[in-house]
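Here's the structure, in structure tokens; my notes come after.
Convention: sequence-line order gives letters A, B, ...; per-chain numbering from 1. Below, each value reflects all heavy atoms present in this structure, side chains not excepted, and no hydrogens, waters or symmetry copies.
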2 protein chains.
Amino acid sequence: MLEGMSLSVGQVSRLAGVTVRTLHHYDEIGLLCPGERTAAGYRRYTDDDLVRLQQVLLYRELGFPLEEIAVILDDPQVDEVTQLRRQHELLSRKSERLREVIAAVERAIEARSLGIALTPRERLEVFGRFRPEDHEAEVERRWGGTDAYAESRRRVASYTKGDWVELKAEAEAIGAELAAAFTGGLPAGGVRAMDLAERHRLHICRWFYTCTYDIHRCLGELYVSDPRFTAAYDEVTPGLAGYVREAIAANADRHSP
Amino acid sequence: MLEGMSLSVGQVSRLAGVTVRTLHHYDEIGLLCPGERTAAGYRRYTDDDLVRLQQVLLYRELGFPLEEIAVILDDPQVDEVTQLRRQHELLSRKSERLREVIAAVERAIEARSLGIALTPRERLEVFGRFRPEDHEAEVERRWGGTDAYAESRRRVASYTKGDWVELKAEAEAIGAELAAAFTGGLPAGGVRAMDLAERHRLHICRWFYTCTYDIHRCLGELYVSDPRFTAAYDEVTPGLAGYVREAIAANADRHSP
DNA sequence: CATGAACCCTCACGTGGCGTGAGAGGCAAG
DNA sequence: CTTGCCTCTCACGCCACGTGAGGGTTCATG
């Protein structure tokens with residue numbers, strides 16, 4: 001039985017509270033393939049496999065689709081502690097939401113036993129809480145239906161507060177350097193500006209979606225045509241939006257003539 | 001638009017945070033059929049429908065299959081406040097479990113950042129917690145595979161602590177009256193004993209599964225053949241188990257000769 | 001009053017995450 | 001050697017919707 005070294009499907013299933021079929025399924029789709037197999041083809045789960053299974057189950061409980069879980073766990077950029085922190089953050093959010101729902105139910109009971117019924121609308125609104133900040137609605141109208149947008153949605157959904165902090169810091173750093181280049185009088189078509197544009201593109205690739213040079217060019221146009229984006233740049237330094245657009249175009253030309 | 005009176009699918013979907021298709025689906029399977037329809041066949045949801053939708057969404061979030069939700073909500077025995085209390089209890093349990101998981105993740109982070117890794121087994125066990133009290137294992141071996149058993153499992157799963165209190169009180173009352181009849185010298189085949197046996201059967205129907213007279217007869221046999229059940233009855237009054245068996249058999253004969 | 005945009009309807013097929021056998025082989029104990 | 005409990009690989013089934021297709025409705029415009 002090789003007790004202690006590795007476990008059979010049955011043992012793992014009992015330990016984790018899932019069925020054998022589930023483990024087979026995770027193997028089939030490549031989400032959790034046991035490290036070893038016996039000569040007879042029996043699955044043998046190592047300690048590493050168990051750790052991964054725990055991660056899988058946690059993200060599953062959080063409602064992530066299995067395919068996405070695979071992406072999250074296979075990201076080589078993220079180590080285990082980061083993974084745990086992310087889980088902790090997501091769990092906390094879920095817990096908070098659950099407490100809101102509980103509170104709403106308590107209010108409903110209270111109101112009901114006092115004879116006053118809440119309006120059905122009030123009761124339903126607890127569930128309808130996603131608050132996409134109507135900014136998203138705008139984005140959807142403009143970019144909705146594109147692959148890039150879908151990809152972005154999926155990835156953003158799994159970001160924790162910590163991720164957002166890092167993301168924002170990175171974005172602000174790039175913005176500041178662009179502003180410096182602009183006020184320093186460096187040409188938008190120069191190497192420095194183009195390098196910054198490239199960093200901007202990579203930043204998008206890293207955090208949101210695969211940003212090709214063509215897409216990046218469109219983004220540049222958007223920065224001067226959409227008053228919301230223009231404001232975001234020009235607020236820092238008037239005229240910056242147009243400068244950024246030029247730099248992006250130059251950088252795109254440089255890479256794909 | 002008749003604003004204020006009733007809502008269209010789109011309005012309800014936005015309010016509740018579900019898709020239109022979901023509402024269509026709930027209508028198809030008869031889980032939530034809108035109270036009215038316009039001349040053109042448009043669905044119109046009344047306030048009562050919204051209340052029901054809220055209940056549906058809550059039980060759904062708790063992981064109940066839709067079919068079961070219909071059963072729970074259509075039970076005429078249960079009013080709205082009871083429904084809310086039940087939801088509150090189930091939500092609280094879920095919240096507690098969530099906090100356990102969070103605590104486990106915190107421990108994992110702590111241990112990890114101190115360089116000491118927890119064993120994968122320890123981490124997995126948080127998920128494998130269902131503790132069916134090995135009593136269930138026994139029951140399964142004896143009754144497993146029967147329809148009655150499956151039905152019982154499903155219904156019991158949705159009982160709250162309050163339900164259990166009521167259930168137990170009812171069962172104890174019947175037991176006490178049977179004991180009184182027994183010690184009072186009333187014959188097991190008499191009307192009084194048979195009536196009590198009938199109450200016992202209805203009690204099972206009400207709380208666990210559809211208990212036919214045949215099944216009830218088997219149950220009576222079980223009370224004398226299974227030492228665990230025998231003990232439960234004879235502990236109160238020695239000889240009671242046999243008396244109950246006789247009463248059940250007599251009652252069954254009376255109804256299905 | 002017609003024209004368009006935003007809704008709504010009913011099929012009907014597709015999908016994700018497994019459940020549930022069927023049929024066959026592996027392996028430790030008696 | 002056989003009995004009992006694993007395990008394996010197909011392969012079909014199910015639930016709770018997603019996702020169009022194809023077509024009617026309603027309402028604010030030109």
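With sequence neighbours excluded, no residue forms a salt bridge (Lys or Arg N to Asp or Glu O under 4.0 Å) with A:Glu96. Take A:Asp79 and apply the salt bridge (Lys or Arg N to Asp or Glu O under 4.0 Å) test, not counting sequence neighbours, and it matches no residue. Residues meeting the side chain to side chain donor-acceptor pair (under 3.5 Å) test with A:Ser95, sequence neighbours left out: none. Annotation: side chain to side chain donor-acceptor pair (under 3.5 Å) contacts of B:Arg99 (sequence neighbours excluded): none. Partners of B:Arg60 under the salt bridge (Lys or Arg N to Asp or Glu O under 4.0 Å) rule, at least two apart in sequence or in another chain, do not exist in this structure. The salt bridge (Lys or Arg N to Asp or Glu O under 4.0 Å) check on B:Glu106 picks up nothing, with sequence neighbours excluded. In this view, B:Glu67 satisfies the side chain to side chain donor-acceptor pair (under 3.5 Å) rule with no residue, not counting sequence neighbours.
Within the structure, no pair that satisfies the ring pair (Phe, Tyr, Trp, His ring centres under 6.0 Å) test touches residues 23-53 of chain B, not counting sequence neighbours. The salt bridge (charged side-chain N to carboxylate O under 4.0 Å, His left out) analysis of residues 31-42 of chain A, with sequence neighbours excluded, yields the pairs A:Asp27-A:Arg37.
Between the CD atom of B:Glu61 and the C1' atom of D:dA16 there is a distance of 15 Å, rounded to whole Å. Look at CG on B:Leu23: it is 13 Å from P on C:dT10, rounded to the nearest Å. In this structure, B:Gln11 atom CD and C:dC7 atom P are separated by 10 Å, rounded to whole Å. Atom pair B:Glu67:CD and D:dA16:P shows a separation of 8 Å (rounding to whole Å applied).
With C:dC9, C:dC18, D:dT9 as the candidates, the nucleotide lying closest to the side chain of A:His24 is D:dT9. In the set C:dC8, D:dC17, C:dG17, the nucleotide with an atom closest to the side chain of B:Leu66 is D:dC17. The side chain of A:His25 lies closest to C:dG17, out of D:dT9, D:dT7, C:dG17.
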With 3.5 Å as the limit, what N/O pairs link the protein to nucleotides 22-26 of chain C?
| from | atom 1 | to | atom 2 | distance (Å) |
| --- | --- | --- | --- | --- |
| C:dG25 | N2 | A:Tyr42 | OH | 2.9 |
| C:dG26 | O4' | A:Tyr42 | OH | 3.1 |

For nucleotides 18-20 of chain D, give me every protein contact, N/O to N/O, under 3.5 Å, one pair per line with atom names.
| from | atom 1 | to | atom 2 | distance (Å) |
| --- | --- | --- | --- | --- |
| D:dG18 | OP2 | B:Thr19 | OG1 | 2.7 |
| D:dG18 | N7 | B:Arg21 | NE | 3.3 |
| D:dG18 | O6 | B:Arg21 | NH2 | 3.1 |
| D:dT19 | O4 | B:Arg21 | NE | 3.1 |

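Using a 4.0 Å cutoff on non-hydrogen atoms, the parts of residues 28-37 of chain B near DNA chain C are B:Arg37, ordered by number.
A side-chain contact (heavy atoms from CB on, under 4.5 Å) with B:Val56 holds for exactly one of B:Thr22, B:Leu31, B:Val18; it is B:Leu31.
Ion pair B:Arg52/B:Asp47 not flagged as a salt bridge, since none of the NZ, NE, NH1 or NH2 atoms sits closer than 4.0 Å to an Asp/Glu carboxylate oxygen.
Within the 4.0 Å cut-off from OP1 or OP2 of C:dC18, at least one side-chain nitrogen or oxygen of A:Tyr26 is found. Taking 4.0 angstrom as the limit, B:Arg43 places a side-chain polar atom (N or O) nearer than this to OP1 or OP2 of C:dC9. Within the structure, every side-chain polar atom (N or O) of A:Arg44 is placed at least 4.0 Å from both OP1 and OP2 of D:dT7.
Heavy-atom nearest nucleotides on DNA chain D were determined for B:Thr38 and for A:Asp27, and the one closer to the 5' end corresponds to A:Asp27.
Residue B:Ser8 is classed as a sugar-phosphate contact, given heavy-atom separations below 4.0 Å to backbone atoms only.
At a cut-off of 3.5 Å, with distance as the only test, no side-chain donor of A:Gln55 or A:Glu80 sits close to an acceptor on the other residue.
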